Structure formats: structure tokens, C-alpha cells
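Reminder, nothing fancy here: chain letters follow the sequence lines and each chain counts from 1. Owing to the predicted nature of the structure, the values given are computational and were not obtained by experimental measurement.
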Number of protein chains: 2
Amino acid sequence: MATTTDSDRRGWTQNPDAVKQDILTVAVSEFAANGLSGTRVDTIASRTRTSKRMIYYYFGDKLGLYTSALEAAYLKVREGEASLDLDHLPPREGLARLVAFTFDHHRRNPDFIRMVMIENIHNAEHLSASQVIRDMNVAAIEKLSSICGRGQEQGVFRDGIDPLRLHWQISAFSFFNVSNRPTFSAIFGTELFEEQTQSEMRQQIVDAILAMVSQPIAAS
Amino acid sequence: MATTTDSDRRGWTQNPDAVKQDILTVAVSEFAANGLSGTRVDTIASRTRTSKRMIYYYFGDKLGLYTSALEAAYLKVREGEASLDLDHLPPREGLARLVAFTFDHHRRNPDFIRMVMIENIHNAEHLSASQVIRDMNVAAIEKLSSICGRGQEQGVFRDGIDPLRLHWQISAFSFFNVSNRPTFSAIFGTELFEEQTQSEMRQQIVDAILAMVSQPIAAS
DNA sequence: AAACAAATGTTCCAGTCAGTACATTTCTCT
DNA sequence: AGAGAAATGTACTGACTGGAACATTTGTTT
């Protein structure tokens, strides 16, 4: 009964969800690697256990697939963030933990970063169409807001911190570190991206962010 | 003698350099807008005062044109930076000026930013091939090195500052601010990018960078 | 002025690729 | 069991697009 010569084609079993997931996984990887117009539907299909036919069956057209891939990439990353529970930590440590985590998490998810880069090249027009993604992100900021609130209550953070700006700053470092690594290495060499250096930079960034939210030292 | 009906075609005057420049300007704009594979050579040609024929004549193929466009984009931006003379300022002010300038300069040159984003998507493989670009950038860091050196001599900066890391940090803020604006606005709205807010953020970044290079306050 | 080189105009093609047509198989419901 | 729906296989096409072929004009040099 297991005499399938080469591919398990005859008398196959259907599994629509697995097929969709298979396509999506490959799609994220391909779109992240080659961009929207650089990606070939045929290439995606060939890396799949299914066929081009099914891509069009489930996702309509290339853009539909791209949009779904974008959502899948966001979903995966935001899920990873959800595991982080900071409410039991004092504000400064919580924030430090969050920044360090974000830095590492971005490094671990280069495909996500690349999808966002590509979306930015396209002026976020596909992302704008996705309510799902907006919701996820707004939720992501609430974690930060909560820390800020507690920090201000306890007087360890200065007043007037805007969680959105803080998020922007944390993202700037963490994102740029991955997104611009190729050009940066090409120009200045790879030292900045060696494990040891990255680790130091992460600490530097944590410190910088903490300094920004701290009560200002009396000006000199 | 000026009876050209519609286009000045008959008895035209040659001007190779102008033609090349014309093509390059359009090419930067198109590649920045659409990426490498998203850009159509025919579209570039149509926006030019010349023809597709000349693109291939001068630049060989699409990749050759892209590489030249990339160099042109870098050249233009680095030229803009060259106008900045900071040697007559005390280190802290010089650095503050440099950071603020970089922030603004990136905002003024979105096409350059987009070209770099695109290069990063392509893992900087075309940039790596261009010695010209490497040279320009290494030169750009020397300005920063000089400020750091003076600051450390005078004791207003802490020891062990790495100009490259500093450059990385300044770039991270300034670059991200432009590169990720579309997705950021799409998700969180446009408040961060209004003139007033941008101005405040620039100041915040200047302060953050200055804090990073300053003599550490005795730890609490 | 003639001969050669540089620059440009016009037209077409061959490969690529998103998307479709048509046929078949598996699943579900009664 | 059988009928309708869902899922999948196979082969094809029409438009797009990078690039080339071929012809002509302008500039330069002696």
C-alpha cells in the first residue's frame, strides 16, 4: 500500500488547509526574497507540494497571494511577541526586557522585515487594505503603553512620554539593524553584525531608550 | 528658422552628456518608485527626451542602468552633505548640527532612501560591485570621526566611542523615519509625520545621541 | 571632401509569466 | 449509491518586455 514510485499522486488525500498553509509559507519566503514584481508565481508553485492551479484557486491572483502572505508574516511575528509577559516586572526592567526582546526578535525574523520593507516600497497600499494587520499592531503598542503608564505613576519615568514615539524609536533601531544590514556591511564591513558586537549594541540601545524615558537630570 | 512643428527632430544637435544625464535622472526616479524588477525600461524611455535605443547604447542593459542610477543617487546625496562644515564648531554643537542635518537631509531625499531600500532587498549585490559608492561612504564617516576625536580630546565625550556605531545609530533614526513612513502611517496614523512632530522628534534624537556620547553620569 | 566614428531613429522578436480552459478526482450529504 | 460540490491535474495562451537588427544622421579628423 506504500508503493508510491516517486510522488504520492494516485489516490491522494485532500487537505485544503495544509495546502493553503504550504502555499503561504513558500509565498512569504519568495516574496520576502524577491519582492512583489520580482517573484514568480511559477517559482512559488514549484516549491510547493501543490500546483499553480491551487494558488489561483485559493488566492485569486498574485496580489491576493501577496496580501495573504503579508498578513501571515505579521501574524507570525506578533504571535511571537505575545509570549512576552512584562506586567510582573518593575517598569524600568520591563521596558529593558521589551527593547532587548524586540531587537532580538527582529533579527530572528528577517523575512518579516523584508516583507515590511517591500510594503514600504509599495507605499503600504496593500497593508492599508488589511484591517487585520492594523488591529494586530495597535494591540502591540498597548503592552508598551501599560509599561509607560506604570512607570509614570511610580515616578521612575518622566512625564509626557508618548508610547507611540517610544515604539517608533525602538523599532527604528531594531528594524534598521536588519533591514540595512546588506548595504551597511557592503560599505563598512561586517564587524557590526558579529554576535559579540550585536550584543553590545543591543545593550547600548536598551540604555539609550531607558535614558530617554528617565527623569531628566538637572540641566548643566 | 524656428519652424519646428512639434518636436525638434530635424537637424537635431547632439549632446551626449545631456542625454545621459536625462536618462539617469528619470531612471533614479523610476527605480526608486518601482524597484528593479518593477521598473520598465520602456517607461523610463518614454519619460526621457530620448529613446530606449540610447539607454542600451549608453548603459548596456537594464542592470547597467540600475547600477548607474544607484551611483547617481548616492553621489547626489553625498554632495549635499559635503556642504556641511563642522570643524569650526565645538564638538557637542558640531555633532548636534550633524545629527539634525542628517535627519532633515534624509527627509529631503526620499528617492535616495528608496534606492537604498531596494538595494537592501537585493542584498546589496549591485552596490558591492561599485567601488565608487564605497569610497563616498567611507569619506562620509570621516567627518564624524573628526568630531569624535576632538570631543574625546577635550574631555566632553566619553572614551571608547566607535564612530561607526555612532553613524549607525544616527542613520537608524534618520533612515527609518523615511523608509518606514508608509507602513507606520498606515497603522498608526500620520501624526508622527506632521511638521511639528517631526521637528520635536529631531530634537529628541539629537538629545539621545548627545547623551550616548557624553561622559556617563555616576551610576545610581 | 571623404572617410571613419559617434550618436540616434525605427522596427521587430523571442522569451517570460500571470492567468485561464477544460477535464478529472475526491469529498459530503442524503 | 449517487449527485452535487469542493479540490486538483494538465495544458495552453495572450500580453508584456528586455533587448537586438538594421538603417540613417551627425560630428571629427586629416
Side-chain angles (χ1 to χ4, degrees), chain A residues 1 4-31 33-70 118 122 125-126, chain B residues 1 4-28 30-31 33-70 118 122 126:
Chain A
M1 201 176 239
T4 47
T5 47
D6 193 15
S7 56
D8 323 60
R9 275 291 159 270
R10 7 177 336 187
W12 78 92
T13 307
Q14 289 184 180
N15 192 347
D17 288 344
V19 166
K20 268 190 267 192
Q21 194 50 56
D22 184 18
I23 293 174
L24 272 183
T25 305
V26 176
V28 168
S29 143
E30 282 292 318
F31 281 123
N34 309 308
L36 178 46
S37 43
T39 291
R40 305 286 148 243
V41 176
D42 288 286
T43 307
I44 295 180
S46 73
R47 286 187 47 195
T48 294
R49 274 186 302 283
T50 175
S51 67
K52 182 157 76 156
R53 178 70 181 76
M54 298 315 292
I55 293 177
Y56 286 96
Y57 185 66
Y58 284 120
F59 301 96
D61 57 11
K62 190 182 180 181
L63 258 185
L65 178 58
Y66 171 80
T67 306
S68 297
L70 184 63
I118 289 161
H122 293 282
E125 39 189 91
H126 316 98
Chain B
M1 200 178 242
T4 47
T5 47
D6 192 16
S7 56
D8 321 61
R9 274 292 159 270
R10 9 175 335 187
W12 81 92
T13 306
Q14 289 182 180
N15 192 348
D17 287 345
V19 166
K20 268 191 263 191
Q21 194 50 56
D22 184 17
I23 293 174
L24 272 183
T25 305
V26 176
V28 168
E30 281 293 317
F31 281 123
N34 309 308
L36 178 45
S37 42
T39 292
R40 304 288 149 244
V41 177
D42 287 286
T43 307
I44 295 180
S46 73
R47 285 186 49 195
T48 294
R49 272 185 305 281
T50 175
S51 67
K52 182 158 76 158
R53 180 68 182 75
M54 300 314 292
I55 293 176
Y56 286 97
Y57 185 65
Y58 284 120
F59 301 97
D61 57 9
K62 190 183 180 180
L63 257 186
L65 178 58
Y66 171 80
T67 306
S68 297
L70 185 63
I118 289 161
H122 292 280
H126 316 98

**OP:** Run the numbers on B/Leu65 and B/Ile44 for side chain to side chain contact (heavy atoms under 4.5 Å, CB included), then give the verdict.
**Re:** CA-CA 10 Å; B/Leu65 178 58; B/Ile44 295 180; 3.8 Å; yes

**OP:** Check the pair B/Tyr66, B/Ile118 against side chain to side chain contact (heavy atoms under 4.5 Å, CB included), reporting the backbone distance first and the verdict last.
**Re:** CA-CA 11 Å; B/Tyr66 171 80; B/Ile118 289 161; 3.5 Å; yes

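Spacing between atom CZ of B/Arg49 and atom C1' of C/dA7 amounts to 16 Å, rounded to whole angstrom units. At whole-Å resolution of the value, CD1 in A/Ile44 and P in C/dG19 are 11 Å apart. Following rounding to the nearest Å, B/Asp17 (CG) and D/dG27 (P) show an atom-to-atom distance of 14 Å. In this structure, A/Lys20 atom NZ and D/dA6 atom C1' are separated by 11 Å, rounded to whole Å. Put simply, CG on A/Asp22 is 11 Å from P on D/dT8, counting in whole angstrom units. Rounding to whole angstrom units, CG of residue A/Asn34 and P of C/dA18 are separated by 11 Å.
Within the nucleic acid shown, A/Thr43 has no heavy atom closer than 4.0 Å to any nucleic acid atom. B/Ser37 comes within 4.0 angstrom of no nucleic acid atom, judged by non-hydrogen atoms across all strands.
Listed by residue number, A/Ser51, A/Arg53, A/Met54, A/Tyr57, A/Tyr58 are the residues of residues 51-62 of chain A with a heavy-atom contact under 4.0 Å to DNA chain D.
Checking D/dT8, D/dT17, D/dA7 against the side-chain heavy atoms of A/Pro16 singles out D/dA7 as nearest.
Looking at B/Met54 and B/Thr48, their side chains never come closer than 4.5 Å, going by heavy atoms from C-beta outward.
Pairs engaging residues 16-28 of chain B under the salt bridge (charged side-chain N to carboxylate O under 4.0 Å, His left out) rule: B/Asp22-B/Arg49 [sequence neighbours left out].
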